[in-house]
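Predicted model, so just to flag it, every value in this text is computed and none were measured. In this chain, numbering begins with 1 at the start of the sequence shown.
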Amino acid sequence: MAKAKKSIIFCHGIWADGSCFNKVIPTLQAEGYEVMSAQYGLDTNESDVATVKRTLGRVSSPAILVGHSYGGSVITAAGMDERVAGLVYIAALAPDAGETSQSHINQFPTTDIFSHIEVADGRLWILPEGVACFAGDLSEQEQRSFGLLTSRLRRT
């Protein structure tokens with residue numbers, strides 16, 4: 001009897017949303033995996049973890065949680081759920097007990113991206129000139145689209 005493949009749930013960072021995994025999801029689905037990308041609001045870590053746990057209810061168990069950047073903090077907390085079979089960190093935060101995302105980040109040198117942000121309305125916003133610093137590996141067209149999106153968000 002063939003062993004069922006585990007489901008996969010992707011968890012994004014703070015300057016992204018669930019669509020940031022749109023290039024890898026079709027490949028995994030073509031290989032027979034059930035894949036979802038959690039879409040949380042970045043309001044609080046607790047509400048983001050709750051969203052991931054609700055997403056666990058939408059896929060077959062057991063599931064692998066995959067976190068990038070801040071998504072690592074989310075999967076660390078959500079990973080205690082009995083439906084989780086494993087955690088995968090992709091350039092992600094992995095705070096220990098008692099650590100927060102920020103206390104974890106504070107242990108390392110500050111990157112250039114933080115000179116290209118604005119704090120407003122309780123959020124961190126990437127300024128248009130920071131897109132290349134944050135997403136320099138994207139094509140120019142993708143960077144322009146990202147820049148337009150962040151610029152539009154800043155005006156609302």
| Can any side-chain N or O of His68 pair as donor or acceptor with the backbone N or O of Ile90 at less than 3.5 Å? | yes
| said: Can you tell me if Asp112 has over 12 outside heavy atoms packed within less than 6.0 Å of its CG? | reply: no
| request: Return yes if some donor-acceptor pair links the side-chain N/O of Arg83 with the main-chain N/O of Lys53 below 3.5 Å, else return no. | output: yes
| message | Quick check on the hydrophobic clustering: are Leu56 and Val88 connected, directly or via other members, by side-chain heavy-atom contacts under 4.5 Å? | response | no
| Does Tyr40 have its ring centroid less than 6.0 Å away from the ring centroid of His12? | yes
| Nearest 0.5 Å, what's the CD-CG distance between Gln39 and Asp48? | 10.5 Å
| request: Decide yes or no on side-chain hydrogen bond (donor to acceptor under 3.5 Å, both in side chains) for Thr55 and Arg58, but give the supporting numbers first. | output: CA-CA 5 Å; Thr55 306; Arg58 306 299 299 173; over 6 Å; no
| query | Taking atom CD of Glu31 as the centre, does the number of heavy atoms from other residues, nucleotides or ligands within less than 6.0 Å exceed 12? | reply | yes
| said: If we ignore hydrogens and angles and just use 3.5 Å, is the side chain of Ser7 paired with the main-chain N or O of Ser60 as donor and acceptor? | reply: yes
| message | Within this structure, what is the CG-CD1 distance for the pair Leu87 and Ile64, rounded to the nearest 0.5 Å? | response | 8.0 Å
| Does Glu142 offer a backbone N or O that forms a donor-acceptor pair with the side chain of Ser139 under 3.5 Å? | yes
| How many angstroms lie between CD1 in Ile75 and OH in Tyr70, if you round to the nearest 0.5 Å? | 12.0 Å
| field | Hydrophobic cluster identity match, Val35 and Val24, side-chain contacts under 4.5 Å | value | yes
| message | As a quick check of understanding, evaluate side chain to side chain contact (heavy atoms under 4.5 Å, CB included) for Leu28 and Phe10, giving each step before the final call. | response | CA-CA 12 Å; Leu28 292 167; Phe10 285 102; 3.7 Å; yes
| request: Please indicate whether Glu82 has more than 12 foreign heavy atoms, meaning atoms of other residues, nucleotides or ligands, lying under 6.0 Å from its CD. | output: no
| message | Looking at Gly86, is its backbone amide N or carbonyl O close enough to the side chain of Lys6 to form a donor-acceptor pair, meaning the two atoms are under 3.5 Å apart? | response | no
| request: Could you go through the side chain to side chain contact (heavy atoms under 4.5 Å, CB included) check for Ile117 and Trp15 one step at a time? | output: CA-CA 11 Å; Ile117 63 168; Trp15 285 306; 3.6 Å; yes
